[in-house]
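Working notes for the structure below.
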Amino acid sequence: MTRQTLWHEAANRAETDGTAVPSRVEVAVVGAGITGLTTAVLLARAGLSVAVLEARTVAGSTTGASTAKVSLLQGTTFSTIARHHPPSVIGTYVEANRAAQEWLSGFCETAGVPVQSRDAVTFAVSDQGERQARQELALARDAGLPVTWVPELDLPFGHRGGVQLSEQLQTDPVAVAHALVREARAHGATVHEGVRALRVSGDQPALIETDSGVVQADRVVLATGMPILDRGGYFARMEARRSYLMAFRGVVAPPSGMYLSAEQPSRSLREARRGDDKLLLVGGAGHTTGRTRSEREHLDQLRDWTRRWWPQAEETHAWSAQDHSTSHGLPFAGPLQPGTEHLLVAGGFAKWGMTNGVAGAMALAARVTGGRLDWAAIYEPWRRSELAGLGTFARFNASVAVEMARGWMRLDAAHRAEPAAAPDGLSRVCTHLGGKVKWNDAEQTWDCPLHGSRFDADGTVLNAPATCGLRRASTE
Ligand SMILES: Cc1cc2nc3c(=O)[nH]c(=O)nc-3n(C[C@H](O)[C@H](O)[C@H](O)COP(=O)(O)OP(=O)(O)OC[C@H]3O[C@@H](n4cnc5c(N)ncnc54)[C@H](O)[C@@H]3O)c2cc1C
Ligand code: FES
């Protein structure tokens with residue numbers, strides 16, 4: 001399996017500012033994915049001094065590995081939201097995602113990033129899938145989206161039709177990210193790759209300790225996927241899910257739309273261009289990070305499925321990435337804890353961050369600049385409707401989140417580790433909260449089944465919430 005995604009291979013990289021971080025800024029954004037970079041653009045355009053601190057490279061994590069559908073129809077997301085919230089929340093969610101889609105499309109047009117208009121389709125292959133897709137159709141209609149049911153789709157396998165929303169968008173997420181870097185820097189922001197935030201303390205200013213020095217900031221935006229700080233208990237309210245993407249050439253007529261199956265195991269399809277090649281992207285086969293016997297088997301399933309339906313398909317790329325689902329079915333964008341306006345967080349996009357990450361950034365930027373976006377209320381991490389059920393004592397207490405996620409915590413307990421010795425001297429104990437890491441046989445990494453931290457074979461951190469690498473036995 002290659003680690004380089006299709007998008008990174010062709011990237012026209014923006015210049016960045018090295019590891020010499022500024023000692024003082026108004027806003028420090030941690031994480032240079034779509035969320036952090038959009039936040040940086042909005043705040044730099046508003047005249048604030050902004051530094052983006054990125055542990056790895058621009059779009060080097062989930063954003064750069066995305067399928068990059070920029071769509072208001074999102075698989076069966078509306079049905080998920082409907083399980084937790086009243087129907088009006090779906091309307092507000094659509095409004096937020098529409099605002100983000102419009103912002104991103106306008107940005108791409110100005111920045112010269114190619115975007116293609118495509119039909120988005122949630123398709124079904126089984127009775128149960130058809131029921132789910134039809135429910136999504138009804139919820140989408142109630143939310144005012146002009147969706148239709150299409151019985152015959154341009155797919156080579158048997159299916160039951162699907163719900164379709166026309167004129168949605170697809171793009172190249174790495175091209176978007178580098179265009180955002182250029183825009184942020186053009187407005188005075190600095191973007192630092194290879195700078196890992198280790199700790200945040202104090203309030204105004206907050207002190208961000210990094211592996212390249214300390215940055216003082218009036219506000220800190222954590223856009224790291226899973227937040228790197230445990231305050232607020234997000235690690236217990238979010239679940240990291242890995243899934244796989246492969247690119248194939250040689251498919252004469254790839255399906256023209258952006259497809260996602262209603263049922264599991266999910267199958268996601270879109271086409272992409274690379275030079276003269278028309279590529280078919282196939283994604284899915286997801287699982288909770290670190291909680292499967294063999295990651296390679298998931299990749300093989302996807303490969304076998306593709307070869308079955310497109311026998312002429314020739315694999316060019318295969319990669320994997322993770323995103324986070326939340327226990328209440330909605331993303332977060334707001335204060336890390338109640339009242340901590342200097343410490344903001346955004347995440348939990350459930351594989352729809354190309355719009356929700358932008359919406360989250362818009363919500364946070366409005367918060368910082370004193371603006372107001374009515375739809376942003378659904379992203380509040382400490383929504384009154386949720387907190388009301390927990391009693392007033394817990395209401396303003398950080399342990400609320402842990403209580404809300406008690407079920408998830410129990411699951412976590414089952415995976416807790418004994419300290420492990422290893423012949424290579426590398427500890428198998430996750431540096432976040434002591435989970436026992438598991439070998440990922442597809443990517444040759446150590447993955448933690450508790451909250452999704454991942455480490456390279458040499459112990460280097462790849463994914464938050466961990467901020468430091470696996471220890472060597474001699475240093476424990
Ligand atoms: C396989 C797959 C397909 C997807 N397809 C789609 C799609 O078609 N449409 C869609 O809308 N969404 C899709 N998504 C979801 C979307 O890509 C994500 O929601 C989005 O990219 C998340 O962006 P982000 O900026 O929040 O996080 P990321 O892109 O993960 O950025 C977080 C950054 O923070 C950095 N970081 C972490 N810890 C630290 C630290 N301590 N110090 C400094 N930096 C740190 C990381 O290195 C990383 O670069 C998909 C996700 C996956 C996994
Ligand atoms: S990610 Fe939390 S214990 Fe490993």
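As the structure lists them, so they are numbered: ligands from 1, and atoms in each ligand from 1.
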Using the ring of W382 (Phe, Tyr or Trp, six-membered ring only), decide whether R237 places NZ or CZ under 6.0 Å from its centre and within 45 degrees of its axis.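 Yes, R237 lies over the aromatic ring of W382.
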Has H451 got an N/O/S atom less than 2.8 Å from atom 2 (Fe) of ligand 2?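 Yes.
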What residue and atom, counting heavy atoms only, is the protein's closest point to [atom], and at what distance?
| atom | result |
| --- | --- |
| atom 39 (C) of ligand 1 | T224 CG2, 3.7 Å |
| atom 19 (O) of ligand 1 | D323 OD2, 2.6 Å |
| atom 13 (C) of ligand 1 | K351 O, 2.9 Å |
| atom 1 (C) of ligand 1 | S243 OG, 3.4 Å |
| atom 34 (O) of ligand 1 | G31 CA, 3.2 Å |
| atom 21 (O) of ligand 1 | T63 OG1, 2.9 Å |
| atom 9 (N) of ligand 1 | K69 O, 2.8 Å |
| atom 44 (N) of ligand 1 | A55 N, 3.0 Å |

Between H432 and atom 4 (Fe) of ligand 2, is there a contact where an N/O/S atom of the residue lies under 2.8 Å from the metal?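 Short answer: no, not a single N, O or S atom is under the cut-off.
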Taking only heavy atoms of [X], which atoms of ligand 1 are found under 4.0 Å from at least one of them?
| X | answer |
| --- | --- |
| S61 | 30 (O), 48 (C), 49 (O) |
| M354 | 9 (N), 10 (C), 11 (O), 12 (N) |
| S66 | 3 (C), 4 (C), 5 (N), 6 (C), 7 (C), 12 (N), 13 (C), 14 (N), 17 (O), 50 (C) |
| T35 | 23 (O), 24 (P), 25 (O), 26 (O) |
| W352 | 9 (N), 10 (C), 11 (O), 12 (N), 15 (C) |
| A321 | 53 (C) |
| I228 | 38 (N), 41 (N) |
| L53 | 43 (C), 44 (N) |

Between the side chain of T122 and the main-chain N/O of G75, is any donor-acceptor distance below 3.5 Å?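 Flag set: sc T122 to bb G75 pair under 3.5 Å.
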Checking the side chain of E136 only, and the main-chain atoms of F78 only, is there a donor and an acceptor separated by less than 3.5 Å?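 Between the backbone of F78 and the side chain of E136 there is a qualifying donor-acceptor contact (under 3.5 Å).
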Closer than 4.0 Å to some heavy atom of [X] - which atoms of ligand 2 meet that?
| X | result |
| --- | --- |
| C430 | 1 (S), 3 (S), 4 (Fe) |
| L433 | 2 (Fe), 3 (S) |
| G434 | 3 (S) |

For the 3.5 Å polar cut-off, considering only N or O atoms, please tell me whether [X] and ligand 1 meet it.
| X | value |
| --- | --- |
| G60 | no |
| A197 | yes |
| A464 | no |
| E54 | yes |
| T467 | no |

Do the side chains of [X] and [Y] get close enough for a salt bridge, i.e. N-O under 4.0 angstrom?
| X | Y | result |
| --- | --- | --- |
| R454 | D447 | yes |
| E295 | K438 | yes |
| R196 | E54 | no |
| R303 | E297 | no |
| R273 | E271 | yes |
| E167 | R118 | no |

Return each pair, listed once, that meets salt bridge (charged side-chain N to carboxylate O under 4.0 Å, His left out) where at least one residue sits in residues 20-41; pairs must be two or more places apart or across chains.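 Sorted pair list: R24-D218.
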Checking contacts here: is it the side chain or the backbone of Q322 that comes within 4.0 Å of ligand 1, counting heavy atoms only? Could be both or neither.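 Backbone only.
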Per-residue contact class, S320 against ligand 1 - non-hydrogen pairs under 4.0 Å: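 S320 to ligand 1: no contact under 4.0 Å from either part.
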Verify whether the ring centers belonging to F332 and Y379 lie closer than 6.0 Å.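 No - the distance between ring centres of F332 and Y379 does not fall below the 6.0 Å cut-off.
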Assess the pair H432 and F235: is the distance between their ring centroids shorter than 6.0 Å?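 Close enough - the centres of the two rings lie under 6.0 Å apart.
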Relative to each other, are the rings of H298 and Y244 parallel, tilted or perpendicular (30° and 60° limits)?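 H298 vs Y244 ring planes: parallel.
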To which of S71, P227, A223, A177 does the heavy atom nearest atom 32 (C) of ligand 1 belong?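 Among S71, P227, A223, A177, the closest heavy atom to atom 32 (C) of ligand 1 belongs to A223.
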Identify which of V200, V461, L198, T62 has a heavy atom lying nearest to atom 30 (O) of ligand 1.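 Looking at heavy atoms only, the winner is T62.
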Just to check, does [X] reach to within less than 4.0 Å of ligand 1 when the distance is taken from its heavy atoms?
| X | result |
| --- | --- |
| G347 | no |
| G357 | no |
| L462 | no |
| G283 | no |

Indicate yes or no: at least one non-hydrogen side-chain atom of V282 is less than 4.5 angstrom from one of L245.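 Sidechains of L245 and V282: no contact.
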Taking C-beta and beyond as the side chain, do L53 and V29 meet within less than 4.5 Å on heavy atoms?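 No, too far: nothing below the 4.5 Å cut-off.
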Between N12 and H178, is the side chain to side chain contact (heavy atoms under 4.5 Å, CB included) condition met? List the steps. CA-CA 7 Å; N12 171 15; H178 284 286; over 6 Å; no
Kindly determine whether H317 and L6 satisfy side chain to side chain contact (heavy atoms under 4.5 Å, CB included), including the steps that lead there. CA-CA 6 Å; H317 301 77; L6 169 70; 3.7 Å; yes
Using heavy atoms and a threshold below 4.0 Å, how should the contact between L450 and ligand 2 be classified: side chain, backbone, both, or neither?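 Looking at L450 and ligand 2, just side chain atoms fall under 4.0 Å.
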S453, portion touching ligand 2 at heavy-atom distance under 4.0 Å: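 Both backbone and side chain.
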Non-neighbouring partners of D424 that pass salt bridge (charged side-chain N to carboxylate O under 4.0 Å, His left out), sequence neighbours left out: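 Listed in chain order: R428.
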Whether over 12 other heavy atoms sit under 6.0 Å from E9 CD: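 Enclosed.
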No-hydrogen, no-angle side-chain donor-acceptor test under 3.5 Å, D17 and T190: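 The answer is no; no qualifying pair exists.
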